[in-house]
Structure formats: C-alpha cells, structure tokens
Amino acid sequence: MGTNIDNFEKYIGVFEILSKCTDDYLFILDFIEDHYNITKRATEIFNFEQNDFYNALSIIGESVYPDDREMLNNNIQDIIDGKSNEHDLEYRWINKSGNPVWISCRGQVVRDLDGRARYLIGRISELGRKNKIDNITGLYREVRLRQDILKMDRASAKKGFLLLIGIDNFKDINERYNKEVGNSTLQVLAQCITEAVGESASVYRMSGDEIMVFCKGLDSILSDPAKEMYKKIRSVVDKKINEKGYRLFYTISGGSVYFTEEDNTGIQYIEKAEFALRLAKIRGKNMCVCYEKLDYSEYVNKLKMQEALRKAVENNFEGFELYYQPIVNMEKACIHGAEALLRWKNGKFGMVSPGIFIPLLEDSGLIIPVGRWVIEDAMRQCLEWQKICPGFRVNINISFVQIKKSNVISDIDLCMEKFGFDSKNVLFEITESGELETGYSTQNILESFHRRSLNLAIDDFGTGYSNLRYIKEMMFNLVKIDQAFIRGIRDSQYDYMVVKQFTELAHSLNLKVCYEGVETEEDFKCVRELEPDYIQGYYFSRPVTSAEFEEKYLGKENVF
C-alpha cells in the first residue's frame, strides 16, 4: 500500500533528536527531489561538505569506495524499479583521509500513492565501532582504547605507557582442549589483569588472546613501571594457576611502549606495543620486552626488504641469480659437481646476504615460487655443463617450507620431465632442523624422494635434533658435516673426534660424506686424513657466477 508523505522537513527535526540517542548515522534520501539528509556527525568522518544536499545519488556515489559502487547502484535501481522495498548492504565509504571505512547501511523504502519510491529512511553504522564490549571478557575493545588514547592530554602522556599481554602458545590450548576452554582461559586472564592493575590503569580486549593495559599519568619512582606491572600480572596469573591445581598451565608474555612527546597516533602506539610483544615471544616467551626504536627500525627495514623480494618475484625473479661452488671428489681428486647457491641483489639494498633474505623468503612463503625457479634454473645450467663435462652433477637446496607447504615433489617431477633430466645428476640438500623432524607428512615426502631414486643429503649435519634417527632410517644418500665442526677441527680434539666418528659411522652404512667449510691448506691436510668422499669450501673456491665457474673449472684439469 502506498503512503503519501508531503512534509520532508518535519522529519529532519525528529532525526536530529534521535541521532543524539545512538552512535549510528540516521538518513533520509528523497528519490524525487534527489535530496539527502544525514546526521551532522557524519560530516566529521566522511567526505561530505555538509549533511544536507541535493544531487544526492551522484555525491553519494563519489563517496563510495570504487569497488563497491556497482553493488550500491544495482540495489538503488532495484528500489526505483519496484523490485525491492529495503536497502541492507555492507560496503565502504571514503573518509576524509581518503581511506575506506566499512559501513552497514539499512533502510526502508516509503512509496507514494502511485507506487513510486519516494523516500529511503534508515541508519548507517560503522562496523569497526559497533563491537565496543567484548562478550567473553567484558572488557572494552580496541576501538575504545584508541578513543581513550586520543583524549589523553600531554601531561598524562609523559608518564604513561601501553602494556600488551598475550598468552604463550594459546593456539595449543584451543587445539588440545577446545574453544570453550580457550575462552575460559581468556576470562581468567582478564580477571587477573584487572585485579593486578586495580585503579591505576584501564584494560581492553584486543584481537586473539591479547589484552592491553593502558596506564596514564603514572607517578612512579620505578625505572621501568611497565615491566613491574607485567611482573605483578604474571604473579597473579601464576597464583591462579596454582589455585586450580595446575590443571591448565600457561605462561604470558608482555610488550610495552612508553608515551613520548613525539606526534604518535593511538594506532602507532598500539602497533609498537604489538611489535614489542612479538619480540618477547621470539626471544623465548614468558618475559616482557619494552619497545626500542632501533629494534623497530630493523623490523620495518625487514618488511621493506620483504616487499622488495615480493616485487622481485613478481618481476620474473629480478635480481636473483645462482652462484656455484665446486664440490671435489676426493677419490678422483677432481671436481665432481657444484652446489647451486641462491644470491639476490637489489637496487636499494645492494647485495644481500643469504642469511638475511632467505629467512624472509621462508617467513613470507615466497621461498616456494623462488624454490621452483632455483630447481629449474639449476637443472637447465647443469644440462649445459654436461655437454662439456659428461656426468656433471648439481646440488640443489630445499627449504623445509617447500617440503611442508608446497608439492615440491611435483615441482621436481615436472622440471625433470621438461628437460629430460636424469635423477642421478642431481642431489637435493635438506637442512637438518627441528622443523624437518616433525610430522608424518614430512616423513612421507622424504620417502617419496627415495621411491623416485632422487638423491638426498642432510645439510649442516650435527646442528639439528635427529642425527642418528636419520641415519638409522636410511632416508639420505649423503651426509654433509656442518662447517662449524670443520673450522675447529685443527684446534679442537672434540671436533676432530666427532667428525671422525660420524664419518666412520656413515661409511659403515654405505652413506657418502661431504665436509663443508674447508678454507685453508692446513684444514685440507687435516680432513683428508679422515677420508671423506667429498670436500667443499673456500680452499678450492668461493661461490662464483655460472660464467666464472664455467671459465675456471669446466673442461680444465683441476687436480687436488
């Protein structure tokens, strides 16, 4: 049934009164007059010059995030065409800073006696502001924390701080028990923190298992009051765990940042506290770390480097190159093959050490596409060199991330099929680590290498956690003794005996042995007595480019 509404203005006064009773923005859109009126507070946030304007649909359209305009236009057209009598969408508006803000817009259509859409009357909610109270802990959420930081005056800021508390290994609690136990643990933690800080600070629930303490205007003679507060909180938590008979044991870490007179926003302070907490967990958990500018600068630099790596991958692996280090066959006293070693050069960062950029590739997952590129490029190069030196073999490093998070076997199969590559001419080196040891799936993948007659080596042998198990299960063809043992072999009887015993054990099981890190003639003379199968190190050559390797070593009578 149609309704006749003639007096638009009389509803505006009512809306202004109602708008003071809600955090939502109320609006009326007049389709006939193309006129829009929204609660005045909206003009403080969104890109509207005033709250009352004509040419409404055009102006609103320009304020909507570009990707969402088609969805909004389709809904408006359905209303005009009589296909819909309501508007209920979640989309983005642009705020005054030019950033998108998610909103929920709901309204009802009022039609005139002829059935034409006359008004759309409703409300708009900022989705990020609605969740103010956490239902699990009863604490205020992050949106309230940001508001409170912004309200803080400079006098309070001088002695204030944020302290972010997180449960160590909280994911394990949810997985070992259930989500209800996890929620209960969060409730107890919130109670402990609230009890520990008392009236001296405010407490807020952040994302996941994290709870923030906001302290301002603290009058304290302590040199590090944030760390002292962390200790007090941990003491209360430990007491609660003890009272419950250690039925559920956990530890907490903390990250703190002190307010300064620098022009930091609430978001920046929160990010710094999050960074400090991340450092606490990296450094061993069950501790509190205070934000330091130098640590944060290094972290930001790593993020920038990681982004540069991502762009390099997107730009056809720009800046990546394989260097090759010769591997000497001790029985034949000649070069047996080479290990392919990844290098990366960037216009901004220069030549970056593999010890820096490879962990960044692994953390980001970029090691998976880069690893595929390495396998293909190394096999292609090896085939070229086999034309000069038949039987030449290449060693290729495989990251544990490739093993756990990609189908590395399929990558290898496709590459070998593409080039017609013989498996006897490639050996894959896998670094021994706790990561490699874990899991049934990892074991299956290693067995898949074995079934395909793909040669495997344990790299950095002696530094991991499962040496004898690997040897016992005969999963590998070659053991590469870590260079840390080799470099100390002339000065340490312990290192000498470790290398000697491991070499004899491997040979008794028909495994080949390679020594890494042989740098001097004295090193070479010493390790040669232990009869390794292969030797690799600066004594023979540093890793060099493919062109330099070919010029120096291929087709040459290099006798050692």
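Along the sequence shown, residues are numbered consecutively beginning with 1.
Checked against the 6.0 Å centroid threshold, Tyr534 and Tyr515 do not count as a close aromatic pair. The distance between the ring centers of Tyr291 and Tyr258 does not fall below 6.0 angstrom. Taking the six-membered ring wherever Trp is involved, the centroid distance between the rings of Tyr324 and Trp385 falls below 6.0 Å.
One finds no salt bridge joining Glu314 and Arg310 here, because no Lys/Arg side-chain nitrogen approaches an Asp/Glu carboxylate oxygen to under 4.0 Å. The pair Glu504-Lys500 meets the salt-bridge criterion, with a side-chain N (NZ, NE, NH1 or NH2) lying under 4.0 Å from an Asp/Glu carboxylate O. We find that Arg380 and Glu376 are joined by a salt bridge, their nearest charged nitrogen and carboxylate oxygen being less than 4.0 Å apart. Look at Arg490 and Asp523 and you find a salt bridge, because one of the NZ, NE, NH1 or NH2 atoms lies within 4.0 Å of a carboxylate O, short of that distance. In summary, Glu274 and Arg278 do not engage in a salt bridge, as defined by a charged side-chain N under 4.0 Å from a carboxylate O. Between Lys345 and Glu321 there is no salt bridge, since no side-chain nitrogen of the basic residue lies less than 4.0 Å from a carboxylate oxygen of the acidic one.
Proximity of a side-chain donor or acceptor of Asn329 to a complementary backbone N or O of Lys332 within less than 3.5 Å is detected. A donor-acceptor pair is defined here as one N or O able to donate and one able to accept, closer than 3.5 Å; no such pair exists between the side chain of Arg528 and the backbone of Met330. In this structure a side-chain-to-backbone donor-acceptor pair under 3.5 Å is present from Lys232 to Ala196. Using modelled atom types, one side-chain atom of Gln386 and one backbone atom of Phe392 make a donor-acceptor pair closer than 3.5 Å. Remark: side-chain polar atoms of Ser253 are paired, donor with acceptor, to backbone N or O of Asn286 under 3.5 angstrom. With hydrogens and angles disregarded, a donor-acceptor distance shorter than 3.5 Å links the side chain of Asn315 to the backbone of Lys311.
By the ring-ring contact (aromatic ring centres under 6.0 Å, His included) test, Phe449 pairs with Phe428, sequence neighbours left out.
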